[in-house]
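Here the structure comes first, spelled out in structure tokens, and everything after it is commentary.
Side-chain atoms are counted along with the backbone in the values below, which use heavy atoms only and exclude waters and symmetry mates.
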Protein chains: 2
Amino acid sequence: MPMRVTADDVARAAGVSRAMVSRAFTPGASVSAKKREHVLAVAQALGYRPNLIARGLTGQRTGLIAVVVGEISRPYEAWLLEHLAQALSAHGYQPLLLPMFKDASLMEMLDHALAYQVDGAIVAAGSVSREVADRCRASGAPLVLIGRVLEKSEADAVCCDNSKGMRLLVDRLVQQGRQRIAWLGGTLDTFSDQERRLGVEQALTHHGLALTAQRRGDFSLHSGVEEGGRLLDAGLMLDGIICANDAMALGVVEAAAQRGIKVPDEVAITGFDDVPGAAWGRCPLTTVRNPVRETALAALRLLDARLQTPARATQVIRVGVTLVERASA
Amino acid sequence: MPMRVTADDVARAAGVSRAMVSRAFTPGASVSAKKREHVLAVAQALGYRPNLIARGLTGQRTGLIAVVVGEISRPYEAWLLEHLAQALSAHGYQPLLLPMFKDASLMEMLDHALAYQVDGAIVAAGSVSREVADRCRASGAPLVLIGRVLEKSEADAVCCDNSKGMRLLVDRLVQQGRQRIAWLGGTLDTFSDQERRLGVEQALTHHGLALTAQRRGDFSLHSGVEEGGRLLDAGLMLDGIICANDAMALGVVEAAAQRGIKVPDEVAITGFDDVPGAAWGRCPLTTVRNPVRETALAALRLLDARLQTPARATQVIRVGVTLVERASA
DNA sequence: AACATTTTTGCACGCGCTTTCAAAATCGCG
DNA sequence: CGCGATTTTGAAAGCGCGTGCAAAAATGTT
């Protein structure tokens, strides 16, 4: 049973009071340089490190940030998580990972995290209700949304410009003379799905067109193969399929290949996000670049800002997107 | 400034002592059923939840588990992390995510995590020295390794049977009459790389063969394209390339396609891990299935067991692998 | 050298909770 | 109804740390 070395042990060994030890580890505290150095040396020798749990009890900050993401095995989520985790640790925060499963309740997950006195939460999965936002506010833990915004912007959020992204894609397809375009959406009730779909419809309308067909997958490659196949088999003479994300687009490419349908000659296929991997494979994807790094950094900035100034007005940052033209369209 | 509701508030509102509130929330504590119900109801009404940070201060357990993984954007890591996170939360633990960057020091990362009084650590990245293991032991936080084992098995670990996996692959290639086989390794100093490479060499030796060539990537798809291209361009008449993981194998497939080299007719390409995505794309990969779910569960079992019985003998679990034959070989 | 001023230090309290320990309440049964 | 056995309860002592406050030491000023 290894006994932990506490500030008291260090104090005794260094011949000072425990308060001195605490101060030695608190930047900017009132300690003489010599004594601090001495205490730090003794602490080092004893292998002492302040107990951050205990510190979190008194101070208002634990340094813990709840990070809610969806299925990490999906490329976009993994990519985002990587940048988030990196940005957080770089700023001295510690990410508490809350993986969201299919039927999990965001509220319950956050409740649990709040019990750990997280300083804030970054949510990039699930549908965020006002109740959830209120709960966080009531606990004094700022909430930052990624890839979803609350109506009346009741929470800070950063989200890419879905509408513009889809417009870029549609414009390109129409410019190529394509007219019979189908939509392959993602999971229902998803903010991204809704915004992206709306973007496609508006852009098409602008050209005097409408969707020829539509189906719905679950953002996974597998569902892209399935539902993409259905679209292709329906005998609709499609010349373009716009997918809600890259993974499904890759699936549709696969489905087309299985049927000997030429991409992009017969049918164009587009994705969204530009995940690493979209550029490789059977057919490099024409897609929209979703700036993940920028998104993660913006989210952290928002969080920091609110931690600093709890009363500031909520802010929704729309990060820009760009068209990435590759072989699939 | 939202004031948190504490056990004292509940106690006052329920007309009992704070100790009662604590007991009401402690399963198996000595409280009359009626009183517990009452306290719980009052707590519910006030929106009280025990402060797990404070609880962690007294009790020996915080419920926090440090999880060290490499670059999450890589399919295998993401896949593993997903299963780990799922398994941990299912068992009531809270994963504290520690992303390992290129030149980060495992020791420093764990030190930081230990300051948070984690109950244990699962490490699936970086090279684990004995010092690291000792540090964890000294802090009373069990260490469980994934995909790497310490000499003299000084820490619990779970790792797939790299050697057998490579043997299966080599046997298959040789059985197809292939003789000029190259090795595309991963990052140097990586346990997986070492074991897998050794496995290949031993299996080849067993057939009276040796490696025709070898290069080294960094486990990324991109490096597979690069280094795979170099191998293919070297004019070595290779008829097989064995890669240290799937991502690089997919890269090599890509490189072959760029050069109009037929896979598997001219050259066979094999991966390792069988990540989701290995089955799709330009050329479904012949690979070895690395049972991630089983690995994650085994790691958790090991952790639980040691938390239960700190003194038990360290245990190294080798999870089995199976050959997955697809188009690339 | 005597005093005012500033810096450094230690004491003690509190953060929110768990957990002995002993007192109070309840129960069993003759 | 009484007395020991049992369960339930509250007071209080921490857990490891930060910090306000006042005492002590160091510094500065005439």
Side-chain angles (χ1 to χ4, degrees), chain A residues 1-40 42-43 46-64 114-119 139-141, chain B residues 1-40 42-43 46-64 114-119 139-141:
Chain A
M1 257 320 131
M3 250 326 261
R4 289 200 125 107
V5 29
T6 82
D8 258 322
D9 301 329
V10 177
R12 215 168 305 126
V16 297
S17 77
R18 203 178 47 65
M20 279 299 96
V21 179
S22 175
R23 289 193 176 99
F25 279 90
T26 308
S30 162
V31 209
S32 67
K34 192 160 67 179
K35 211 134 215 174
R36 159 170 284 153
E37 199 175 337
H38 176 223
V39 170
L40 254 33
V42 172
L46 293 185
Y48 167 77
R49 294 215 42 177
N51 180 334
L52 294 184
I53 289 291
R55 173 177 289 183
L57 197 54
T58 26
Q60 323 301 47
R61 298 281 157 86
T62 56
L64 258 27
L114 289 173
Y116 274 102
Q117 314 300 104
V118 294
D119 290 344
S139 296
Chain B
M1 253 325 126
M3 251 324 264
R4 293 205 115 105
V5 29
T6 80
D8 258 323
D9 301 329
V10 177
R12 215 167 305 128
V16 297
S17 74
R18 197 183 57 253
M20 277 299 97
V21 180
S22 174
R23 286 195 259 263
F25 279 91
T26 309
S30 163
V31 209
S32 68
K34 193 161 63 177
K35 209 134 215 170
R36 159 170 283 153
E37 200 174 335
H38 175 221
V39 170
L40 254 32
V42 172
L46 293 185
Y48 167 78
R49 292 211 47 174
N51 180 333
L52 295 184
I53 289 292
R55 174 178 287 182
L57 196 54
T58 21
Q60 324 300 48
R61 297 281 157 87
T62 57
L64 259 26
L114 288 173
Y116 274 101
Q117 314 299 105
V118 294
D119 290 344
S139 296

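Within 4.0 Å of B/S22, counting heavy atoms only, lies at least one base atom of the nucleic acid. B/V21 comes within contact range of no nucleotide atom at all, as no heavy-atom separation falls under 4.0 Å. No contact: B/F25 has no heavy atom under 4.0 Å from any strand. B/A7 comes within 4.0 angstrom of the backbone, heavy atoms only, and of no base. As judged by a 4.0 angstrom heavy-atom cut-off over every strand, A/S30 is placed among the base-contacting residues.
Relative to the axis of its first five pairs, the axis of the last five pairs of the helix from C/dA1-D/dT30 to C/dG30-D/dC1 sits at 30°, rounded to 10 degrees.
Within the 4.0 Å cut-off from OP1 or OP2 of C/dT9, at least one side-chain nitrogen or oxygen of A/S32 is found. In terms of phosphate contacts, B/Y116 brings no side-chain nitrogen or oxygen within less than 4.0 Å of OP1 or OP2 of D/dG16. Look at A/K35 and you'll find a side-chain N or O under 4.0 angstrom from OP1 or OP2 of C/dT9.
The side-chain contact (heavy atoms from CB on, under 4.5 Å) test with A/R18 is passed by exactly one of A/D8, A/T6, A/D9: A/D8.
We find that CZ of B/R61 is positioned 12 Å from P of C/dT19, with the value rounded to whole Å. For the pair A/N51 CG and D/dG14 C1', the interatomic distance rounds to 14 Å; values are reported in whole Å. In this structure, A/R55 places its CZ atom 9 Å from C1' of D/dG18, rounding to the nearest Å. Atom CD of B/Q117 and atom P of C/dC17 are 18 Å apart (whole Å). In this structure, B/D8 places its CG atom 12 Å from P of C/dG14, rounding to the nearest Å. As rounded to whole Å, 10 Å separates atom P of C/dC15 from atom CZ of B/R18. The distance between atom CD1 of A/I53 and atom P of C/dT18, rounded to the nearest whole Å, is 14 Å. In this structure, CZ of B/R12 is placed 15 Å from C1' of D/dG10, rounded to the nearest angstrom.
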Test side chain to side chain contact (heavy atoms under 4.5 Å, CB included) applied to B/L64 and B/Q117, step by step = CA-CA 7 Å; B/L64 259 26; B/Q117 314 299 105; over 6 Å; no
So B/V16 and B/K35, side chain to side chain contact (heavy atoms under 4.5 Å, CB included) or not? Walk me through it.
-> CA-CA 9 Å; B/V16 297; B/K35 209 134 215 170; 3.5 Å; yes
Can you check side chain to side chain contact (heavy atoms under 4.5 Å, CB included) on B/V10 and B/V39, steps first, answer last?
-> CA-CA 7 Å; B/V10 177; B/V39 170; 4.3 Å; yes
Can you list the steps and then say if A/E37 with A/L40 is a side chain to side chain contact (heavy atoms under 4.5 Å, CB included)?
-> CA-CA 5 Å; A/E37 199 175 337; A/L40 254 33; 5.8 Å; no
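In terms of modelled atom types and a separation under 3.5 Å, the side chain of B/S139 and the main chain of B/A141 share no donor-acceptor contact. Panel note: side chain B/R36, backbone B/R23; a donor-acceptor pair is recorded below 3.5 Å. In this structure, the side chain of B/Y116 engages the main chain of A/T62 through a donor-acceptor pair within 3.5 Å.
Considering only the side chain of A/R23, C/dG10 comes nearest among C/dG10, D/dC17, D/dT9. The listed nucleotides are D/dT9, C/dT18, D/dC17; the one nearest the side chain of B/T26 is C/dT18. Listed nucleotides: D/dG16, D/dT19, D/dT8. Nearest to the side chain of A/T6: D/dG16.
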Pairs: protein N or O with nucleotides 22-28 of chain D N or O, under 3.5 Å:
none

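Listed here is the closest heavy atom pair of A/P50 and B/A115: O-CB, 3.8 Å. Between A/D119 and A/G63 the shortest heavy-atom distance is OD2-N, 2.7 Å. Closest of all the heavy-atom pairs between B/V42 and B/A14 is CG2-CB, 3.9 Å.
If B/M20 and A/L52 are placed on DNA chain D by their nearest nucleotide, the residue sitting closer to the 5' end is B/M20. Between B/V31 and B/T58, it is B/V31 whose nearest contact on DNA chain D lies nearer the 5' terminus.
For B/R49 and C/dG16, a side-chain-to-base donor-acceptor distance below 3.5 Å is absent, hydrogens and geometry of angles not being considered.
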